[in-house]
S.K.: 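Below is one structure. I have some questions about it.
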Amino acid sequence: MLKKYDFVSIEEKWQQHWRDNDTFRALDPGDADFDPKQKKFYVLDMFPYPSGAGLHVGHPLGYIATDIVARYKRMTGHNVLHPMGFDAFGLPAEQYAIEHGVHPRITTQNNVDNMRRQLKGLGLSYDWKREISTISADYYQWTQWIFLQLFGSYYCAREQRALPIETLVTHLESGKLVVDDELQIVDAAATEGCTTMPYAQLSSADKEAVIDHQRLAYLANVPVNWCPALGTVLANEEVTADGRSERGNHPVFKRPLKQWMLRITRYAERLLDDLDQVDWPEPIKLMQRNWVGRSEGAMVDFALDDTKHSETPIRVYTTRPDTLFGATYMVLAPEHELVDMLTTPEQKDAIETYRRQAATKSEIDRQADVKIKSGVFTGAYARNPVNGQKVPIWIADYVLMGYGTGAIMAVPGHDQRDFEFALQFELPMIPVVMPDDAWLEEQAHAAGRPDAKGDKEKLHADYLANTREYGVAFSGEGVGVNSNNDEVSFDGKTTPEAKEVITTWLVKKRLGRFQVQYKLRDWLFSRQRYWGEPFPVLHAEDGTLRAVDNNELPVELPPMDDFSPPTSDDPAIPPKPSLSRATEDWRVVNIEGERYERELNTMPQWAGSCWYYLRFIDPRNSERMVDAEKERYWMGETGVDLYVGGAEHAVLHLLYARFWHKVLFDLGHVSTREPFGRLFNQGYILAYAYTDERGAYIPAEEVVEKEPGLFCHQDKPVERSFGKMGKSLKNAVTPDTMFTEYGCDTLRLYEMYMGPLEVSKPWNTRDIVGVHRFLRRIWRNFYQEEGEALLVSEGPADKDTKRLLHKTIKRVTDDLERMRFNTALAAMIELNNALVSLETLPREVAETLVLMLAPFAPHISEELWQAMGHQQSLSCEPWPSYDEALLVDDQIEIVVQVKGKTRGRVHVAPDADQETIHAAAMADAKIAKHIEGKSIKKVIYVPGRLLNIVAV
RNA sequence: GCGUCCGUGGCGGAAUUGGUAGACGCGCCAGAUUUAGGAUCUGGUAUCGAGAGAUGCGGGAGUUCGAAUCUCCCCGGACGCACCA
């Protein structure tokens, strides 16, 4: 009987075996066989979102990689936590359900089932007993619980961490903290210069307001991204730069709405600082830093030149207080609250027209008009605080309400936008920073200024007199000029010095203060959709809020037949949450005779994925989010040891999850500052896509290559392009077809063999046969083609084979440590190719090869391991080790260069010294020829590698 | 526009620290086996050249005994941000 490589039955057999024997169960502290001496290793894939289309071969790339790591770590003696679950709430699932006319609970369940089947078909070594899903009530109970933690805490500015809100109340009641006239909290010890009052004297409504103002989860009337076509609001992060929804590409409009917000901005500094503690790809860290967008500058008050309103200053934020003497006008965002008050009667019509235009202009139009500045004069003036100059106040949409104070001091000499605006509206311009000479010379030349011929004074004078003519603003650092008043001067001071001096002066004069500013906004946390976690919050009839008691959790999502949100093309229709259609017995709650209405918004998709890595540690705990001891064990010093996923989550998921984790850390629920110690971004799998003459995508599998370079669909030539594999480009390849044609071991190998995990690379089904042949060749090295005799011999391996084996162990081990799976495979292929010429495989070679292959191609490895007489799965066999002494060759090849060019090679004993090698080189006629007639200046010897003779 | 990363055979990619460029695989060529096809096996495969040899890592310069690797400029591509004061 022929023993052939029947991958289909082998793979089914072992998947069944692993399932039946619980092979990959991770042991927790307290479990019977738990070994506290074993090191833990938590390796995690990014939470997948099961779509209706199922997986394509691009999805498992990271899963295969983490599976290899997980299997390798088990063999190197680690206790490995390698779980999988499903993120299934949210817009995509709900949209899919609406399109198919089926309830999302059903479609989602189907999608999850299909995805689980596909994942299991890949032979991934997950501990499936820990599977979780964000949509099950025993999971989202804890999502709601975490929300209540946020709702029930505030950020203590002094301790720089979250504390229970009760602590704040205690401080307020004791008078340690007081409240100012804007109901902001002030330390009683630092009330100088502001009007304050004790908390105890406030009305109960005001007390409520003061407290609610501090909660990490709060309700606010904010301008939101309203997407009528989706019937919901979206987070800033979910809106593309051209003002459309990331999901579905629908138009998005700004409109004010009362929404739940999370105070992530309080954590901006720590989110930034703690990036230094994690082992993440630098580009991702950079993206997070840019997203947080920290800047240092000053808040400066400009008094109005108007006796009636001299008490109301215009506050601006600037990162360049050193240019204050050059501020020749001001600009407010069109939506700025002071615009109505400021506008003079003569300018009223013009201002109103402009504001209307700005309000109706979509984000796309605003983007398109960046090149041409627009704006209108309000008719009002302010006074520059450093020199008392009267400066006109304009409104313009190049100033955004969402950043800083929504108002700027314009310094046309040193800001490109202000420069362009000043040119267009003929506003004055005063240079107050002298650029460096290189800049001056270059710009003077570009602008066609008279050549100063290296005369620096002339160069400087020309710039000061003709700044406008230079065509660009100098926004770099330089030396102050034209910058002095009776009390302060920073003429001659460098930019950093000037910033310091002027801000200190402003502080002293009570005209401004130092300010750190962030681009990061608070996180908009409500959605008007059905398919999400309900908020555990009740609204009393007097408008106050009440958290649902912890023992009343979860607040379950009510079953609803009609769950779709009212959508519209009209941005003016007010948003109405889907849950407003729920029956009254869900919506209305009576507690102690009080009537409450439930919150009708639901949480966004990110909520469930913000903390799932914690639940995997203790997925069935009904008493706590996660058991403290288990959490300390698995999160260890640095949190998740390896977290693999795509770079598309760089700022959304990864920033949100870090924020939640820090809150949980502050409140003592988790033990590490950061959730993910090491992050690894896999590249994308790309594939060819084809478009017809209309530019529409054609299913890639229907395209044939008629002749080299000519691709046709139904005999019509089509255009070939290249992109991320997926539904939209119609170029997806499913793993299911790969399973039946080549087996999943082959698929796993191919995905790893394509190239380094972190880079994007093209899928090419044609190339798969290469690794499939490798597996077949391995099989044939164990089983002769004609018989079922196992070709494993008990004698020792010959010296060369043994040396190659140990070299291969070293290469594969090193490559696994640095996650270079492609080269690890290449090493094993080389070893196997060398084994083909042997009559039989010595057992030590056969077993070692199988063990090394096991993380990559576990099914065939288990089968061969069993064939060699082992009863147990190899999953916890020790990883092969190599003997350094066996790595040394009998003879080594030394490259001989003459003046850096390779002229020959000599073969010497591995311990040969430089003189021996030199002599051997000189004995070589070819090498000697190149040295002939020259004198040797220098000889460079790189031990074991190369000898370079420098002869002239 | 700004920022980050990347350009190596016909293709995917190797080259761990500045030290033999092209490992390994696909494809292709030749041979073996086979009724044929497929599968398998053996050998070859950067370019120019008959050859010795010369040239080659997007292009150009530089540092160095020696550069795919380090520096500068240019060209091309991918990703991110985008009037952020």
Side-chain angles (χ1 to χ4, degrees), chain A residues 241-242 281-287 289-291 293-295 297 316-320 323 331 333 366-367 369-371 373 396-400 402-411 414-418 420-421 475 517-520 647-648 650-651 681 683-684 686 708 722 749-750 753-756 758-774 776-777 780 785 811 814-815 817-818 820 822-830 833 836 893-902 904-905 926 937-952:
Chain A
D242 53 0
E282 277 308 316
I284 300 291
K285 288 192 185 183
L286 193 66
M287 278 163 73
R289 287 195 185 101
N290 290 341
W291 194 267
R294 185 183 195 276
S295 67
V316 300
Y317 173 69
T318 176
T319 54
R320 292 297 299 269
T323 62
V331 187
R366 281 179 84 145
Q367 297 292 326
D369 294 347
V370 168
K371 287 277 169 276
K373 293 274 179 289
D397 65 3
Y398 84 90
V399 173
L400 309 173
Y403 186 74
T405 61
I408 62 157
M409 63 173 208
V411 184
H414 303 289
D415 180 284
Q416 190 59 27
R417 293 153 302 173
D418 299 344
E420 285 162 18
F421 194 82
S475 54
Q517 192 75 24
Y518 304 94
K519 274 201 286 183
L520 184 71
E648 68 272 21
V651 282
N681 285 126
Y684 296 116
L686 310 172
F722 205 48
L749 251 48
Y750 175 63
Y753 195 60
M754 290 168 78
E758 67 272 22
V759 300
S760 294
K761 53 238 155 189
W763 176 268
N764 205 339
T765 302
R766 202 179 60 177
D767 287 351
I768 292 180
V769 291
V771 284
H772 188 67
R773 278 177 201 155
F774 164 59
R776 286 190 177 283
R777 253 200 302 271
R780 275 204 315 276
E785 216 133 0
R811 281 174 68 185
D814 292 351
D815 284 345
E817 289 294 336
R818 56 190 189 114
R820 297 299 282 239
N822 54 332
T823 48
L825 275 167
M828 285 187 275
I829 293 172
E830 282 182 64
N833 288 348
V836 168
E893 189 181 70
I894 303 284
V895 168
V896 181
Q897 298 184 333
V898 179
K899 273 191 77 185
K901 282 197 191 300
T902 305
R905 297 172 170 87
K926 274 204 287 190
K937 289 263 182 223
K938 191 159 138 192
V939 178
I940 293 137
Y941 178 57
V942 183
R945 282 179 174 269
L946 146 159
L947 185 80
N948 186 8
I949 301 165
V950 185
V952 231

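For clarity, every value in this text was computed on a predicted model and none was experimentally measured. We use all heavy atoms of the structure for the numbers below, so side chains are in, but hydrogens, waters and symmetry mates are not. Here is the naming used below: chain letters follow the sequence lines, and residue numbers restart at 1 for every chain.
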S.K.: Between A/Tyr753 and B/G25, is there a side-chain N or O to OP1/OP2 distance below 4.0 Å?
M.R.: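 Checking B/G25 against A/Tyr753, no side-chain N or O comes under 4.0 Å of OP1 or OP2.
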S.K.: What integer distance in Å separates A/Ile768:CD1 from B/A39:P?
M.R.: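 Whole-Å distance recorded here is 15 Å.
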S.K.: Starting at atom CG of A/Leu686, determine the distance to atom C1' of B/G13, rounded to an integer number of angstrom.
M.R.: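 Atom CG in A/Leu686 sits about 14 Å away from atom C1' in B/G13.
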S.K.: Think A/Arg780 has a side-chain N or O under 4.0 angstrom from the OP1 or OP2 of B/C41?
M.R.: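 Answer yes for this pair, as a side-chain N or O of A/Arg780 is under 4.0 Å from OP1 or OP2.
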S.K.: When you compare B/C5 with B/U71, how far apart are their P atoms, in angstrom units rounded to a whole number?
M.R.: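 Here B/C5 and B/U71 have their P atoms 11 Å from each other.
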S.K.: Please report the distance separating the C1' of B/U20 from the corresponding atom of B/A15, rounded so that it comes out in whole Å.
M.R.: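 Nearest-Å result for B/U20 against B/A15 at atom C1': 10 Å.
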S.K.: Identify whether any heavy atom of A/Ile829 sits under 4.0 Å from a base atom; if not, whether one sits that close to sugar-phosphate; answer base, sugar-phosphate or nothing.
M.R.: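 A/Ile829: backbone/sugar contact only, no base atoms under 4.0 Å.
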S.K.: Which nucleotide, B/C26, B/U20, B/A85, lies nearest any side-chain atom of A/Val769?
M.R.: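 My answer, after comparing the listed nucleotides, is B/C26.
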S.K.: Is the glycosidic torsion of B/G9 within 90° of 0, making it syn, or is it anti?
M.R.: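 Here B/G9 takes the syn form, which means its glycosidic angle is within 90° of 0.
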S.K.: Pick base, sugar-phosphate or nothing for A/Arg777, based on heavy-atom distances below 4.0 Å to the nucleic acid.
M.R.: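 Touches sugar-phosphate only.
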S.K.: Tell which nucleotide pairs with B/A68, taking only Watson-Crick or G-U wobble pairs whose two distances are both under 3.5 angstrom.
M.R.: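 The base-pairing partner of B/A68, which may sit in any strand shown, does not exist here.
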S.K.: What does A/Asn822 touch in the nucleic acid at a heavy-atom separation under 4.0 angstrom: a base, only the sugar-phosphate, or nothing?
M.R.: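 Result for A/Asn822 = sugar-phosphate.
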S.K.: Which base, if any, makes a Watson-Crick or G-U wobble pair with B/U63, both distances under 3.5 Å?
M.R.: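 Matched B/U63 with nothing under the 3.5 Å cut-off.
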S.K.: The side chain of A/Pro762 lies closest to which of these nucleotides: B/A85, B/U55, B/G13?
M.R.: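 It is B/G13.
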S.K.: Indicate the ring-plane relationship of A/Tyr750 and A/Trp763, choosing parallel, tilted or perpendicular according to the 30° and 60° boundaries.
M.R.: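 Taking A/Trp763 first and then A/Tyr750, their aromatic rings stand perpendicular (interplane angle over 60°).
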S.K.: Which one, B/A85, B/C65, B/U16, comes nearest to the side chain of A/Ile940?
M.R.: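 Nucleotide nearest to A/Ile940's side chain: B/C65.
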S.K.: Could you work out the separation of B/A82 and B/C70 based on their C1' atoms and round it to a whole Å?
M.R.: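 Their C1' atoms lie roughly 32 Å apart.
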S.K.: Of all the nucleotides listed (B/A21, B/C26, B/A85), which has the minimum atom distance to the side chain of A/Asp767?
M.R.: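 Out of B/A21, B/C26, B/A85, the nucleotide with an atom closest to A/Asp767's side chain is B/C26.
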S.K.: Among B/C26, B/C24, B/C83, find the nucleotide with the atom closest to the side chain of A/Glu830.
M.R.: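 Out of B/C26, B/C24, B/C83, the nucleotide with an atom closest to A/Glu830's side chain is B/C24.
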S.K.: Who does B/A36 pair with, Watson-Crick or G-U, both distances under 3.5 Å?
M.R.: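 Per the H-bond distance test, none.
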S.K.: Using Watson-Crick or G-U wobble geometry with both distances below 3.5 Å, tell me the partner of B/G31, or none.
M.R.: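 Looking at the geometry, B/G31 pairs with B/C41.
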S.K.: Does B/C79 have a Watson-Crick or wobble partner in any strand here, with both distances under 3.5 angstrom, and which is it?
M.R.: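 In the structure as shown, B/C79 has B/G3 as its Watson-Crick or wobble partner.
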S.K.: Taking atom P in both B/G49 and B/U55, what distance in whole Å separates the two?
M.R.: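 Comparing P positions in B/G49 and B/U55 gives a spacing of 16 Å.
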S.K.: Quickly work out the A/Asn764 CG to B/G13 C1' distance and round it to whole Å.
M.R.: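 Rounded to the whole Å, the gap is 13 Å.
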S.K.: At under 4.0 Å, does any side-chain N or O of A/Arg820 touch on OP1 or OP2 of B/A14?
M.R.: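 Looking at the OP1 and OP2 atoms of B/A14, one of them is under 4.0 Å from a side-chain N or O of A/Arg820.
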S.K.: Heavy atoms only, 4.0 Å cut-off, all strands: where does A/Gln897 land among base, sugar-phosphate and nothing?
M.R.: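 Result for A/Gln897 = base.
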S.K.: What is the nucleic acid contact for A/Ser760, judged by heavy atoms within less than 4.0 Å: base, sugar-phosphate only, or nothing?
M.R.: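 Here A/Ser760 touches the backbone only, sparing every base.
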S.K.: Can you check the A/Met409 CE to B/A85 P distance for me, whole Å?
M.R.: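 After rounding, the gap between these two atoms is 12 Å.
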S.K.: Please determine if A/Arg945 and A/Glu893 form a salt bridge, counting it only when a charged side-chain N lies under 4.0 Å from a carboxylate O.
M.R.: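 Answer for the salt bridge query: no.
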S.K.: What interatomic distance, in whole Å, is found between C1' of B/C81 and the corresponding atom of B/G59?
M.R.: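 Between the two C1' atoms, the distance is 29 Å.
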S.K.: Could you tell me whether A/Glu893 contacts a base, only the sugar-phosphate backbone, or nothing, with contacts defined as non-hydrogen atoms closer than 4.0 Å?
M.R.: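 The residue A/Glu893 makes base contact.
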S.K.: If the C1' atom of B/A78 is compared with that of B/G25, how far apart are they to the nearest Å?
M.R.: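 That atom pair is separated by 25 Å.
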S.K.: Starting at CE of A/Met828 and ending at P of B/C24, how long is that distance when rounded to a whole Å?
M.R.: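 Rounded to whole Å, this separation is 15 Å.
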S.K.: A/Tyr317 side chain to A/Ala407 main-chain N or O, any donor-acceptor pair under 3.5 Å?
M.R.: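 No: the side chain of A/Tyr317 does not pair with the backbone of A/Ala407.
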S.K.: Select base, sugar-phosphate, or nothing to describe what A/Arg773 touches, counting heavy atoms under 4.0 Å on all strands.
M.R.: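 Sugar-phosphate only.
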S.K.: Using a strict threshold of under 4.0 Å (side-chain N to carboxylate O), is an ion pair present between A/Arg811 and A/Asp814?
M.R.: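 No salt bridge links A/Asp814 with A/Arg811.
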S.K.: Heavy atoms from C-beta onward define the side chain here; which of B/U42, B/G13, B/C83 lies closest to that of A/Lys761?
M.R.: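 Of the options given, the side chain of A/Lys761 lies nearest B/G13.
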S.K.: Any side-chain heavy atom of A/Trp291 within less than 4.5 Å of one from A/Lys519?
M.R.: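 A/Trp291 vs A/Lys519: side chains apart.
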S.K.: Can you tell me the Watson-Crick or wobble partner of B/G12, both distances under 3.5 angstrom?
M.R.: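 When the pairing criteria are applied, B/C24 turns out to be the nucleotide that pairs with B/G12.
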S.K.: Does any nucleotide pair with B/U17 by Watson-Crick or G-U wobble geometry, both distances under 3.5 Å, and what is it?
M.R.: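 Across any shown strand, B/U17 pairs with none.
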S.K.: Can you find a donor-acceptor pair, distance only, under 3.5 Å between A/Lys373 side chain and B/C83 base?
M.R.: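 Donor-acceptor pair under 3.5 Å: yes.
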S.K.: Have a look at A/Asn833 and say if it touches a base, only the backbone sugar-phosphate, or nothing, with a 4.0 Å heavy-atom cut-off.
M.R.: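 A/Asn833: backbone/sugar contact only, no base atoms under 4.0 Å.
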S.K.: Would you say A/Arg417 places a side-chain N or O within less than 4.0 Å of OP1 or OP2 belonging to B/C84?
M.R.: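 Checking B/C84 against A/Arg417, a side-chain N or O does come within under 4.0 Å of OP1 or OP2.
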S.K.: Between A/Thr823 and A/Tyr753, is a side-chain contact (heavy atoms from CB on, under 4.5 Å) present by the stated rule, with each step listed?
M.R.: CA-CA 8 Å; A/Thr823 48; A/Tyr753 195 60; over 6 Å; no
S.K.: Would you measure the distance from the C1' atom in B/A36 across to the matching atom in B/G56 and give it in whole Å?
M.R.: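 Pairwise C1' distance, B/A36 against B/G56, rounds to 44 Å.
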S.K.: Between P on B/G13 and CE on A/Met754, what's the gap in Å once rounded to a whole number?
M.R.: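 After rounding, the reported distance stands at 8 Å.
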S.K.: Only pairs with both distances under 3.5 Å count, Watson-Crick or wobble alike; so what is the partner of B/U55 in this structure?
M.R.: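 By the stated definition (distances under 3.5 Å), B/A46 pairs with B/U55.
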S.K.: Would you call A/Glu420 and A/Arg417 a salt bridge, using N to O less than 4.0 angstrom?
M.R.: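 Salt bridge absent between A/Glu420 and A/Arg417.
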S.K.: Categorize A/Lys899 for me: base, sugar-phosphate, or nothing, with a 4.0 angstrom heavy-atom threshold over every strand shown.
M.R.: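 Touches sugar-phosphate only.
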S.K.: Answer with base, sugar-phosphate or nothing: what part of the nucleic acid does A/Leu286 contact at a heavy-atom distance below 4.0 Å?
M.R.: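 Sugar-phosphate, backbone atoms only, no base.
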S.K.: On the ring face of A/Tyr398, is A/Lys373 found with NZ or CZ under 6.0 Å from the centre and within 45° of the axis?
M.R.: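 A/Lys373 over A/Tyr398 ring: yes.
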S.K.: Roughly, in whole Å, what's the span from CD1 in A/Ile284 to C1' in B/G80?
M.R.: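 Roughly 9 Å, once rounded to whole Å.
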S.K.: Measuring only the C1' atom in each nucleotide, how far is B/A54 from B/G58? A whole number of Å is fine.
M.R.: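 Taking atom C1' in both B/A54 and B/G58, they lie 22 Å apart.
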